[in-house]
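Notes for the one structure printed next.
Chain naming here is simple, since letters A, B, ... match the order of the sequence lines and numbering starts at 1 in each. For clarity, every value in this text was computed on a predicted model and none was experimentally measured.
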Amino acid sequence: MSFQLYNSASRKKEVFRPIKNGEVGIYVCGVTVYDLCHIGHARSAIVFDVLVRYLRARGFKVTYVRNFTDIDDKIIERANKTGEDTATLAKRYINAFYEDMLSLGVLDADIEPKATEHIDDMIDMVRSLIEKGFAYVVDDTVYFSVEKFDSYGQLSGRQIEDMAAGARVAVDEKKKYPMDFVLWKGAKPGEPKWKSPWGDGRPGWHIECSAMSCKYLGPNFDIHGGGRDLLFPHHENERAQAMAANGVNFANYWVHNGFLTVEGEKMSKSLGNFITIRDALTSYHPQELRLFLLSKHYRSPLDFSRSAMLETRSGLVRIYRTLQRVEEIIGPYKNDTNNTFLYHVGDNDFKNRFIHVMDDDLNTAAGLGLVFDKVRDINRLIDSPAQKTDITSQLVKERKDLLDCSKALGLLEGEPSHFFKKIIKTSPEVAAEEIEKMIKERQKARKAKDWASADAIREELSRKGVILEDGPKGTGWRLRI
RNA sequence: GGCGGCAUAGCCAAGUGGCUAAGGCAGCGGUCUGCAAAACCGUUUUACACCGGUUCGAAUCCGGUUGCCGCCUCCA
């Protein structure tokens, strides 16, 4: 099977055919940098991170562009509150964004353009739209005329008449038609501004993505992504502008991720359930967050909750325990995988099954099902009565299969010991030497079959968060999770 | 009002016409263990919202009903 993607434009799954064979250009709407990113941003970032990782692993040469909106009304508003200028505020939150993405293991995009660095490109596009009759100037503001663009509404599947009828917002009286939107906005006194043929001002929100995507990927490119909410009006408007200006189709595939709710409710500041990425990471490991966010199909709504995160933790702990068992037998994993590890997989049954589900519109939930299957297989193998020497080479292969596929999901890249170290909340109240001493004492008692004393020692350690595990090679210990 | 989505076991979640409907979590029973832990095996009364239709055959397609949600305004 070849790679299939759900295209919001056609409302169907389609076989993915890139414009240039083997190459993919993808543009994803990034964040408006006026505040810290929340876990909804994390979902979007991780979904497209996995899309890019997967396409690369499948052998595509991917050019990934993700922008920063570093000038808009919200930024101006916030800067007025904090007393900073907009550029300083934006810079601060761009840095915070990078920190968050780094901790989540989200790879940088190849090109990360900022709106304020592409004002000239936007002005060019607006000028061209005016020349072609798709836009009109009223005072110092430029509007896009949706009635002039025939296929307006096609992307989001709406009729302009329906929308106009149901409009809930007071219409700007300068507009010729209620659905028209701003391409260039005149600056009020004290607002940040750039020079333009229509007076000092700033670009409208939608024009930046049209201008920057076309600049870096060409007027017609492969994939355009973003959150479900951006479909209308943002993407509809982006498409209209770009196609009107360039006269060719814009993005061929539109990919939108579903929304994240928190304990069943939409995240909003008024409800007070707005969870930033850094909030979440104080309670959960980044890998837990990633596993959770990938456990449901990317287009479906997903509910973030304490109980769901704890379930995720249990599953992830099992996976890492298994990796730790493997490591004890065959040593640490050395990643020597090439970049296109899901391209030529031959008769590797596991990878083929993984590709089969992931090729179907990036079915990460099904992919994770396979990961858990593999974990069970590996545990079975270790528990099997076969000699250790017999299973070594098999374990090497099984672990590589597991970690290769996980790599496409951005999971399990760290060492198990690091994971456990980070996830353990209950710090031991006793020093490691003390624990070792008590284990030796308990061993003596066990030899003498003094079970009462042995159990008492185990109980005492358990109260301090130390779990003992008796095995054939002696007694090991770990902290309770 | 307009447009769209979703409904699968105790919970989470794949599956879109046909073998025993993935996987995870939780519970229970068992193997192992002195007892545990971990792991493995088994199991959790009729799990596909309801009604009707198409079909030899539907969780899957079509129509309707109910419920939940999103977008239509800044929003990942």
**Study point:** P spacing across the pair B:A37 / B:G52, given as an integer number of angstrom
**Key:** 50 Å
Check your understanding: Rounding to the closest angstrom, what is the interatomic distance between B:G57 and B:G17 at atom C1'?
Key -> 8 Å
Point to revise | Which nucleotide in B:A38, B:C40, B:A76 has an atom nearest any side-chain atom of A:Leu230 | key: B:A76
Review point. Taking N and O atoms by type only, does the side chain of A:Arg43 place a donor or acceptor under 3.5 Å from a partner on the base of B:A76?
Key: no
Study note, to complete from the structure: From the candidates B:G23, B:C71, B:A13, the one with an atom nearest any side-chain atom of A:Asp229 is B:C71
Check your understanding: Can you tell me how far C1' in B:A7 sits from the matching atom in B:C12, rounded to whole Å?
Key -> 14 Å
Check your understanding: Sub-3.5 Å donor-acceptor pair from the side chain of A:Arg442 to the main-chain atoms of A:Ala454, do we have one?
Key -> yes
Check your understanding: Any side-chain N or O of A:Arg306 under 4.0 Å from OP1/OP2 of B:C11?
Key -> no
Exercise for review: Give A:Phe259 one of three labels, base, sugar-phosphate or nothing, depending on what nucleic acid heavy atoms sit under 4.0 Å from its own.
Suggested key: base
**Study point:** Whole-Å gap separating P (B:G70) and CG (A:Leu260)
**Key:** 13 Å
Practice item. Sort out the partner of B:C74 for me: Watson-Crick or G-U wobble, both distances under 3.5 Å, none otherwise. Key: none
Practice item. Considering only atom C1', compute the distance from B:C51 to B:C11 and round it to an integer number of Å. Key: 28 Å
Exercise for review: Would you state whether a donor and an acceptor, one from the side chain of A:Asp72 and one from the base of B:C74, lie under 3.5 Å apart?
Suggested key: no
Practice item. May I have the distance from A:Asp383 (atom CG) to B:C32 (atom C1'), rounded to whole angstrom? Key: 9 Å
Point to revise | Side-chain donor/acceptor contact of A:Arg299 with base of B:G4 under 3.5 Å | key: no
Exercise for review: Can you tell me the distance, in whole Å, between the CD atom of A:Gln324 and the C1' atom of B:A39?
Suggested key: 13 Å
Exercise for review: Could you work out the separation of B:A9 and B:G24 based on their C1' atoms and round it to a whole Å?
Suggested key: 13 Å
Review point. In terms of side-chain geometry, is the basic nitrogen of A:Lys13 or A:Asp360 positioned less than 4.0 Å from the acidic oxygen of its partner?
Key: yes
Check your understanding: Between A:Val62, A:Asp49, A:Thr364, A:Ile355, which is the residue that forms a side chain to side chain contact (heavy atoms under 4.5 Å, CB included) with A:Tyr54?
Key -> A:Ile355
**Study point:** Complement of B:C32, any strand, by Watson-Crick or G-U distances under 3.5 angstrom
**Key:** none
Practice item. Would you mind telling me which residue lines up with the more 5' stretch of RNA chain B, A:Leu310 or A:Tyr298, judged by nearest nucleotide? Key: A:Tyr298
Exercise for review: Verify the contact: side-chain N or O of A:Arg446 to OP1 or OP2 of B:U33, cut-off strictly under 4.0 Å; return yes or no.
Suggested key: no
Review point. Within the structure shown, what part of the strands sits under 4.0 Å from A:Gly40 by heavy-atom distance: base, sugar-phosphate, or nothing?
Key: base
Review point. Of the nucleotides B:G23, B:A36, B:G15, which one has an atom closest to the side chain of A:Asp373?
Key: B:G23
Practice item. May I ask you to say what A:His297 touches in the nucleic acid, namely base, sugar-phosphate or nothing, with a heavy-atom cut-off under 4.0 Å? Key: sugar-phosphate
Review point. What is the base-pairing partner of B:C6, counting Watson-Crick and G-U wobble geometry with both distances under 3.5 Å?
Key: B:G67
Check your understanding: When only distance counts, do a donor and an acceptor, one from the side chain of A:Asp455 and one from the base of B:G34, lie under 3.5 Å apart?
Key -> yes
**Study point:** Interatomic distance at P, B:G10 relative to B:A49, whole Å
**Key:** 14 Å
Review point. Does the base of B:C41 carry an N or O that pairs as donor and acceptor with the side chain of A:Arg380 under 3.5 Å?
Key: no
Review point. How close or far is atom P of B:A37 from atom CD1 of A:Ile457, stated in whole angstroms?
Key: 19 Å
Practice item. Could you please name the partner base of B:U16, counting Watson-Crick and G-U wobble pairs only when both distances are under 3.5 Å? Key: none
Practice item. Could you tell me whether the phosphate oxygens of B:C71, OP1 or OP2, come under 4.0 Å of any side-chain nitrogen or oxygen in A:Lys266? Key: yes
**Study point:** Side chain of A:Trp451 - closest among B:C40, B:G34, B:A76
**Key:** B:G34
**Study point:** Interatomic distance, A:Asp360 CG vs B:G15 C1' [rounded to whole Å]
**Key:** 10 Å
Review point. On a whole-Å scale, what distance lies between the C1' atoms belonging to B:G63 and B:U54?
Key: 11 Å
Review point. For A:Glu84 and A:Thr82, does a side-chain donor sit closer than 3.5 Å to a side-chain acceptor?
Key: yes
Review point. Is the phosphate of B:C74, meaning OP1 or OP2, less than 4.0 Å from a side-chain N or O of A:Lys74?
Key: no
Check your understanding: In the structure shown, which nucleotide is the Watson-Crick or G-U wobble counterpart of B:U46, with both distances under 3.5 Å?
Key -> none
Exercise for review: Dump the intermediate steps for side-chain hydrogen bond (donor to acceptor under 3.5 Å, both in side chains) on A:Glu112 and A:Tyr98, then the final yes or no.
Suggested key: CA-CA 11 Å; A:Glu112 304 186 328; A:Tyr98 280 125; 2.2 Å; yes
Review point. Does A:Asn379 place a side-chain N or O at less than 4.0 Å from the phosphate oxygens OP1/OP2 of B:A38?
Key: no
Point to revise | Residue-phosphate contact under 4.0 Å: A:Arg458 side-chain N/O, B:A37 OP1/OP2 | key: no
Point to revise | A:Arg480 and A:Ser462: side chain donor to acceptor below 3.5 Å | key: yes
Review point. The side chain of A:Arg158 lies closest to which of these nucleotides: B:C40, B:C11, B:C72?
Key: B:C72
Review point. Reckon A:Lys449 touches a base, only the sugar-phosphate, or nothing at all at heavy-atom distances under 4.0 Å?
Key: nothing
Review point. For A:Leu370 and A:Ile467, take the nucleotide of RNA chain B holding the closest heavy atom to each; which residue's nucleotide lies nearer the 5' end?
Key: A:Leu370
Check your understanding: Which listed nucleotide (B:G34, B:G24, B:A14) is nearest to the side chain of A:Arg376?
Key -> B:G24
Review point. Can you tell me if A:Arg321 and A:Gln324 form a side-chain donor-acceptor pair at under 3.5 Å?
Key: no
Check your understanding: Between A:Ile26 (CD1) and B:A76 (P), how many Å, whole number?
Key -> 17 Å
Review point. Regarding A:Asp108 and A:Tyr64, is there a side-chain donor-to-acceptor distance under 3.5 Å anywhere?
Key: no
Check your understanding: Under 3.5 Å, is there a donor-acceptor pair between the A:Arg158 and A:Ser156 side chains?
Key -> yes
Exercise for review: Pick the P atom in B:U66 and in B:C50, then give their distance to the nearest Å.
Suggested key: 16 Å
Check your understanding: A:Asp361 has an atom CG; how far is it from atom C1' of B:U16, in whole Å?
Key -> 13 Å
**Study point:** Nucleotide B:C72, atom P - distance to CZ of A:Arg228 in whole Å
**Key:** 11 Å
Check your understanding: Just how far is it from atom CZ of A:Arg313 to atom CZ of A:Phe292, taken to the nearest 0.5 Å?
Key -> 13.5 Å
Practice item. May I ask you to say what A:Ala365 touches in the nucleic acid, namely base, sugar-phosphate or nothing, with a heavy-atom cut-off under 4.0 Å? Key: base
Check your understanding: Nearest to the side chain of A:His38, which nucleotide is it out of B:G24, B:A76, B:A14?
Key -> B:A76
Exercise for review: Just compare B:C35, B:A39, B:A22 and give me whichever is closest to any side-chain atom of A:Arg318.
Suggested key: B:A39
Exercise for review: Would you tell me if any nitrogen or oxygen in the side chain of A:Thr312 comes within less than 4.0 Å of OP1 or OP2 on B:C12?
Suggested key: no
Point to revise | Minimum-distance nucleotide to A:Arg478 side chain [options: B:A14, B:A37, B:A76] | key: B:A37
Review point. According to the Watson-Crick and G-U wobble definitions, with both distances under 3.5 Å, which nucleotide is paired to B:C11?
Key: B:G24
